[in-house]
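Here the structure is laid out as structure tokens; the discussion comes afterwards.
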Amino acid sequence: MTATLPEQDLERHFEHVIERDQRIEPRDWMPDGYRKTLIRQVAQHAHSEIIGMQPEANWITRAPSLRRKAILLAKVQDEAGHGLYLYSAAETLGADRTDLTEKLIESRQKYSSIFNYPTLTFADVGVIGWLVDGAAICNQVPLCRSSYGPYARGMVRICKEESFHQRQGYELLMTMTRGTDAQRRMVQNATDRWWWPSLMMFGPPDDASPNTAQSMAWKVKRHTNDELRQRFVDMTAPQAEALGVTLPDPDLRWNAERGHFDFGEIDWAEFKRVVSGHGPCNAQRLAQRRRAHEDGAWVREAAAAHAAKHHSRDHWRSPT
Ligand code: BYC
């Protein structure tokens with residue numbers, strides 16, 4: 001739809017597309033707020049994928065076998081790919097990737113709280129696959145129906161890969177829980193440390209979530225933070241039982257009346273601390289990202305010089 005129509009017609013068309021569950025595409029007119037909220041969410045999501053490579057990459061050099069190393073390398077590489085699709089989706093909204101990267105390394109844009117916790121043993125690799133990728137799937141499958149076309153389409157492939165990641169985590173944990181007592185203790189210890197931060201991935205409770213109502217109205221988000229958190233608990237509690245690990249919540253129990261698991265109070269003060277830059281690994285994660293960016297400067301310069309050379313060659317070759 002061209003931008004020569006009066007603004008109210010464009011807005012009516014936009015609302016009609018949303019109402020009919022169709023997709024907004026990059027060239028369509030969209031309200032500034034819609035564009036802004038998408039850039040915010042997609043950029044944060046992209047940053048999370050890129051920073052999210054670090055906790056697990058910590059174990060690549062110390063994986064216990066060649067097989068586990070190959071699996072972990074492939075998984076971490078997938079996360080890099082997800083980051084790139086998402087930065088590309090943000091670019092279709094007019095964002096500039098260099099600018100987004102700068103905002104991340106200057107702490108002017110967020111990334112997921114979950115990646116500010118340390119990975120202390122190899123069991124953390126399995127628990128991240130099971131819980132963190134499991135939470136990511138719960139949150140991201142509905143985003144395949146997000147109203148913005150490039151984001152929704154990107155999420156389809158990302159979710160396929162995330163569900164593969166979740167299964168690899170679960171498989172690693174099944175192997176470890178069938179192993180020695182020491183291995184079972186490692187799995188339980190990692191579960192104790194990652195459970196509550198995984199619940200925080202879904203964001204603040206609905207009554208403290210400033211963006212949910214508008215994002216739901218625009219169908220950028222399809223469910224509220226609390227709905228998805230509940231879905232995750234319901235999915236994960238039986239998996240914990242099957243694995244033989246205990247989730248560290250004395251209030252976790254099946255509520256037949258609600259048809260859901262009840263669970264305990266989340267420590268929102270901890271969430272706020274981590275999101276505001278004061279978690280156990282925030283400084284380390286950003287320093288590492290900054291270093292990687294600086295070390296990669298020569299690659300970006302070489303790529304730009306190469307592109308410029310080809311551009312000028314193509315220019316001289318083009319027919320007059
Ligand atoms: N950490 O109004 P709200 C992954 C921020 S998975 C940090 O509810 P919204 C991966 C929020 O941005 C992780 N910040 O916001 C998995 C907002 O701040 P601003 C990434 C958080 O957007 C495995 C403020 O708090 N997944 O990548 O409606 C391996 C108020 O929140 C968090 C995604 O990004 C948090 N946990 O809902 C490797 C999925 N929660 O911007 C990688 C896409 C909230 O107003 N994103 N905040 O300053 C979403 O679905 C939504 O953006 C959220 C938040 C549910 C996360």
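Ligands are counted one by one from 1 in listed order, and the atoms in each one are counted from 1 as well. Predicted, not measured: the structure shown is a model, and the values here were computed from it.
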Which one of P55, A208, A136 has a non-hydrogen atom at the shortest distance from atom 16 (C) of ligand 1?
A136

Evaluation steps, salt bridge (Lys or Arg N to Asp or Glu O under 4.0 Å), between R35 and D32:
CA-CA 5 Å; R35 188 185 298 278; D32 282 348; 5.1 Å; no

Considering non-hydrogen atoms of the protein only, which is the closest contact for atom 32 (C) of ligand 1, and what is the distance?
F271 CZ, 3.7 Å

Heavy atoms of the protein only: does one fall short of 4.0 Å from atom 20 (C) of ligand 1?
yes

Ligand-side contact atoms (ligand 1) for residue partner D133, heavy atom cut-off under 4.0 Å:
23 (C), 29 (C)

Taking atom types as modelled, find out whether D262 and N255 have a side-chain donor-acceptor pair closer than 3.5 angstrom.
yes

Rounded to the nearest 0.5 Å, how far apart are CG of L131 and OG1 of T191?
6.0 Å

Students often mix this up, so state it plainly: with edges at 30° and 60°, are the rings of F271 and W268 parallel, tilted or perpendicular?
perpendicular

Would you mind telling me if ligand 1 is within reach of the side chain of H45, the backbone, both or neither, using heavy atoms under 4.0 Å?
both

Per-atom contacts of ligand 1 with M200, taking only distances under 4.0 Å to non-hydrogen atoms
36 (N)

Between D181 and R185, does a salt bridge (Lys or Arg N to Asp or Glu O under 4.0 Å) hold up when you go through it step by step?
CA-CA 6 Å; D181 282 348; R185 276 197 302 276; 5.1 Å; no

Nearest candidate to atom 50 (O) of ligand 1, where distance is taken over non-hydrogen atoms, out of N139, V76, V274
N139

Between Y117 and D124, is any side-chain donor less than 3.5 angstrom from a side-chain acceptor?
no

M201 heavy atoms, cut-off 4.0 Å: which ligand 1 atoms fall inside?
6 (S), 36 (N)

CZ-CG distance between R67 and L72, expressed to the nearest 0.5 angstrom
12.5 Å

Numbering the atoms of ligand 1 from 1, which are under 4.0 Å from a heavy atom of F202?
55 (C)

I'd like to check whether E162 has a polar contact with ligand 1, where a contact means an N/O of the residue lying under 3.5 Å from an N/O of the ligand.
no

When only distance counts, is K75 in polar contact with ligand 1, meaning an N/O pair under 3.5 Å?
no

Starting from atom 15 (O) of ligand 1, locate the nearest protein heavy atom and write down its residue, its atom name and how far away it is, to 0.1 Å.
N211 ND2, 3.3 Å

Give yes if a backbone or side-chain nitrogen or oxygen of K110 is under 3.5 Å from a nitrogen or oxygen of ligand 1, and no if not.
yes

Distance filter under 4.0 Å to E79 heavy atoms, resulting ligand 1 atoms
29 (C), 38 (C), 42 (C)

Contact summary for E79 and E49, nearest pair of heavy atoms
OE1-OE1, 2.8 Å

Residue and atom name of the nearest protein heavy atom (relative to atom 40 (N) of ligand 1), distance in Å to one decimal:
G203 CA, 3.1 Å

Among all protein heavy atoms, pick the one closest to atom 41 (O) of ligand 1 and tell me residue, atom and distance.
Q44 NE2, 2.8 Å

Hey, does R40 come in under 3.5 Å of ligand 1, counting only N/O atoms on both sides?
yes

If you look only at distance, which donor and acceptor atoms sit under 3.5 Å apart when one is on a side chain in residues 195-202 and the other is two or more places apart or in another chain?
unit_1, atom_1, unit_2, atom_2, d
W196, NE1, P248, O, 3.1
S198, OG, W194, O, 2.7

Distance to 0.1 Å, residue and atom name: give those for the protein heavy atom nearest to atom 3 (P) of ligand 1.
S209 OG, 3.4 Å

Salt bridge (Lys or Arg N to Asp or Glu O under 4.0 Å) evaluation trace for R27 with E25:
CA-CA 6 Å; R27 285 191 201 140; E25 296 298 336; over 6 Å; no

Atom 25 (O) of ligand 1 has as its nearest protein heavy atom P204 CD, 4.4 Å

For ligand 1, which atoms sit closer than 4.0 Å to a heavy atom of Y111?
1 (N), 7 (C)

Tell me the contacting part of N225 for ligand 1: side chain, backbone, both, or neither, using a 4.0 Å heavy-atom threshold, strictly below.
side chain

Any ion pair linking R157 and E161 (charged N to carboxylate O, less than 4.0 Å)?
yes

Check: K221 N/O within less than 3.5 Å of ligand 1 N/O
yes

Stepwise salt bridge (Lys or Arg N to Asp or Glu O under 4.0 Å) test for D234 and R258
CA-CA 11 Å; D234 291 347; R258 286 200 316 122; 6.0 Å; no

Nearest-neighbour protein heavy atom for atom 30 (C) of ligand 1, which is reported as residue plus atom name and distance:
P210 CD, 3.7 Å

In this structure, atom 36 (N) of ligand 1 is nearest to the protein heavy atom S113 OG, 3.1 Å

Check K75 with D133, please: is the shortest side-chain N to carboxylate O separation under 4.0 Å?
yes

I'd like to know whether the aromatic ring centres of H47 and Y87 sit less than 6.0 Å apart in this structure.
yes

Which of the ligand 1 atoms, numbered from 1, are nearer than 4.0 Å to a heavy atom of Q140
6 (S), 26 (N)

Side-chain donor-acceptor pair present, Q188, R193, cut-off under 3.5 Å
no

Atoms of ligand 1 less than 4.0 Å from Y151 heavy atoms?
43 (C)

